[in-house]
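Notes to accompany the following structure.
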Amino acid sequence: MTNADLEKLVDTSDDWIVSRTGIRERRIAANGTATSDLAVEACRRAMDMAGVRNDDIDLVINGTVTPDYKLPSTACVIQEKMGLTTAAAFDIAAACTGFINGLSVAKAFIETGQYRRILVVGSEKLSSIVNYTDRATCVLFGDGAGAVVVEASDSDRGILSTYLKSDGRLREWLWVEVGGTARPYTPEYLWNGRDKVLMNGSEVFKVAVREMKKAALRVIEDARLTPADISLLVPHQANLRIIAALAKRLHIGHERMFLNLEKYGNTSAASVPIALDEANRQGRLKPGDHVLMVAFGGGLIWGAALVRW
Ligand code: UT7
């Protein structure tokens, strides 16, 4: 879906969208495609790249806010579709930070020795909760999925540090208000689009820049590094201006950041793993590189992970 397509739906313009967000296109999954279908494709490619078989996977962690069903978790559907019969599976509902939360949980499970090989997924069909009559939100979001295999290793490479934080007092700044137990559906709510994403963009923007900076510095410090040691910043792909403001505060130049939001928009939990995969396939990641991933989203919630590639 291009900006020109959106110009036909709401009162917006390519100029406004590009200058305020950096986004030019987003991918919208077909009717009949579920979040798990996107996730399965990403999981297959991650497992092929890692050279692991089905029975090597001990756990599937899937970050999503657009699950296939309310019950069971989408991770269980992914497990079934992939035939990962030896694995446990659960979802993480941490919005755009879901993949970072997944990495953090995977790190902890591996460090305790409970699991050895974990599939960490971020998958979203955000188009299912976007209001295509609300120009303040519909231009931002897209569908997608990304996945990685995290495994126990004795090498000094891997996930060095992670940090997670949230502030539920700010939940009304980015939420889907209706459809849960607090506010079940009513015809009036549905009519007013309150079962779709609502956002106070400018407030979220400020928190995002401030808190992602803190989260980034925290994981860098925990790994006993400095921002100068970061080889590549792979941020949540929400808004080019947010990423630029963050990078400036971390003194990370354009050549050390990875951007792909112009093609995909904000894919929530899928955004960081899609960016990581594209950076890797483009040869931007070399063994020993320090990769900083950082994200924020509805909760509000934010977090970071630092990886030695
Ligand atoms: O994963 C986390 C997801 N959340 C985010 O990433 C949100 C972070 N926030 C943002 O990215 C930005 O706040 C937005 C891109 C959403 C908005 O940019 P902004 O510079 O904060 O604009 P604004 O909300 O202050 O709106 C400025 C103007 C308003 O018009 P008036 O009141 O000044 O006349 C809006 O009505 O832009 C108008 N506007 C639009 N105009 C054309 C809002 N959306 C659009 C649009 N096209 N799509």
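Read the numbers this way: they start at 1 and go in the same order the structure lists the ligands and their atoms. When a residue number appears, it is its place in the shown sequence, counting from 1.
- If you check which protein heavy atom lies closest to atom 36 (O) of ligand 1, you get Arg135 NH2, 3.0 Å.
- Note: an N/O pair closer than 3.5 Å links Asn266 and ligand 1 by distance alone.
- Checking atom 29 (C) of ligand 1 against the protein gives no heavy-atom contact under 4.0 Å.
- At least one protein heavy atom sits closer than 4.0 Å to atom 18 (O) of ligand 1.
- Under the 3.5 Å distance criterion, with hydrogens and angles disregarded, a donor-acceptor pair is assigned to the side chains of His236 and Ser271.
- Residue-ligand proximity: Thr21 is placed with a non-hydrogen atom under 4.0 Å from ligand 1.
- Closest to atom 2 (C) of ligand 1, if we only count protein heavy atoms, is Phe296 CE1, 3.4 Å.
- The nearest heavy-atom contact from the protein to atom 43 (C) of ligand 1 is Trp16 CZ2, 3.5 Å.
- Side chains of Ser104 and Asn101: a donor-acceptor N/O pair is absent below 3.5 angstrom, by distance only.
- Checking Asn131 against Thr137 by side-chain atom types alone, no donor-acceptor pair falls below 3.5 Å.
- Listed by number with element, the atoms of ligand 1 under 4.0 angstrom from any heavy atom of Asn239 are 10 (C), 11 (O), 12 (C), 15 (C).
- For the residue pair Thr64 / Glu124, a side-chain donor-acceptor distance below 3.5 Å is found, with atom types taken as modelled.
- For Asp55 and Thr86, the side-chain atoms include no donor-acceptor pair closer than 3.5 Å.
- Of all atoms in ligand 1, listed by their number and element, those nearer than 4.0 Å to a heavy atom of Arg241 are 18 (O), 20 (O).
- When hydrogens are left out, the protein atom nearest atom 47 (N) of ligand 1 is Thr12 OG1, 2.7 Å; that is the closest non-hydrogen contact.
- With values rounded to the nearest 0.5 angstrom, Ile92 atom CD1 is found 11.0 Å from Ile100 atom CD1.
- Within 6.0 Å of CZ in Arg45 there are 12 or fewer heavy atoms belonging to other residues, nucleotides or ligands.
- Asp68 and Ser36 form a side-chain donor-acceptor contact under 3.5 Å, judged by distance and modelled atom types alone.
- If you number the atoms of ligand 1 from 1 as listed, the ones under 4.0 Å from a heavy atom of Ala238 come out as 6 (O).
- By the 4.5 Å heavy-atom criterion applied to side chains, Thr33 and Leu38 are counted as neighbours.
- Near Cys96, the atoms of ligand 1 lying under 4.0 angstrom from a non-hydrogen atom of the residue are 1 (O), 2 (C).
- Side-chain N or O atoms of Arg27 include none that pairs as donor or acceptor with a backbone N or O of Gly142 at under 3.5 Å.
- Numbered from 1 in the order shown, with element, the atoms of ligand 1 that lie under 4.0 Å from a heavy atom of Gly201 read 8 (C), 9 (N), 13 (O).
- Inside a 4.0 Å radius of atom 4 (N) of ligand 1 there is at least one protein heavy atom.
- Distances from atom 32 (O) of ligand 1 to the protein include no heavy-atom value under 4.0 Å.
- Counting the atoms of ligand 1 from 1 in the order shown, those under 4.0 Å from a heavy atom of Ala136 are 44 (N).
- One hydrophobic cluster, built from ILVMFWY side chains closer than 4.5 Å, holds both Ile220 and Met212.
- There is a protein heavy atom less than 4.0 angstrom from atom 39 (N) of ligand 1.
- Contact atoms of ligand 1 toward Val139: 48 (N) (distance under 4.0 Å to a heavy atom of the residue).
- Heavy-atom separations between Ile242 and ligand 1 include at least one value shorter than 4.0 Å.
- Nearest protein neighbour of atom 25 (O) of ligand 1, counting heavy atoms only, is Ser202 CB, 4.4 Å.
- Residue-ligand proximity, Arg20 to ligand 1, at heavy-atom distances under 4.0 Å covers atoms 19 (P), 20 (O), 22 (O), 27 (C).
- Annotation: Ile17 places no N or O atom under 3.5 Å from an N or O atom of ligand 1; distance criterion only.
- Atom CG of residue Leu198 and atom CG of residue Leu174 lie 9.0 Å apart, to the nearest 0.5 angstrom.
- Put simply, the side chain of Val148 reaches to within 4.5 Å of the side chain of Leu276, judged on heavy atoms.
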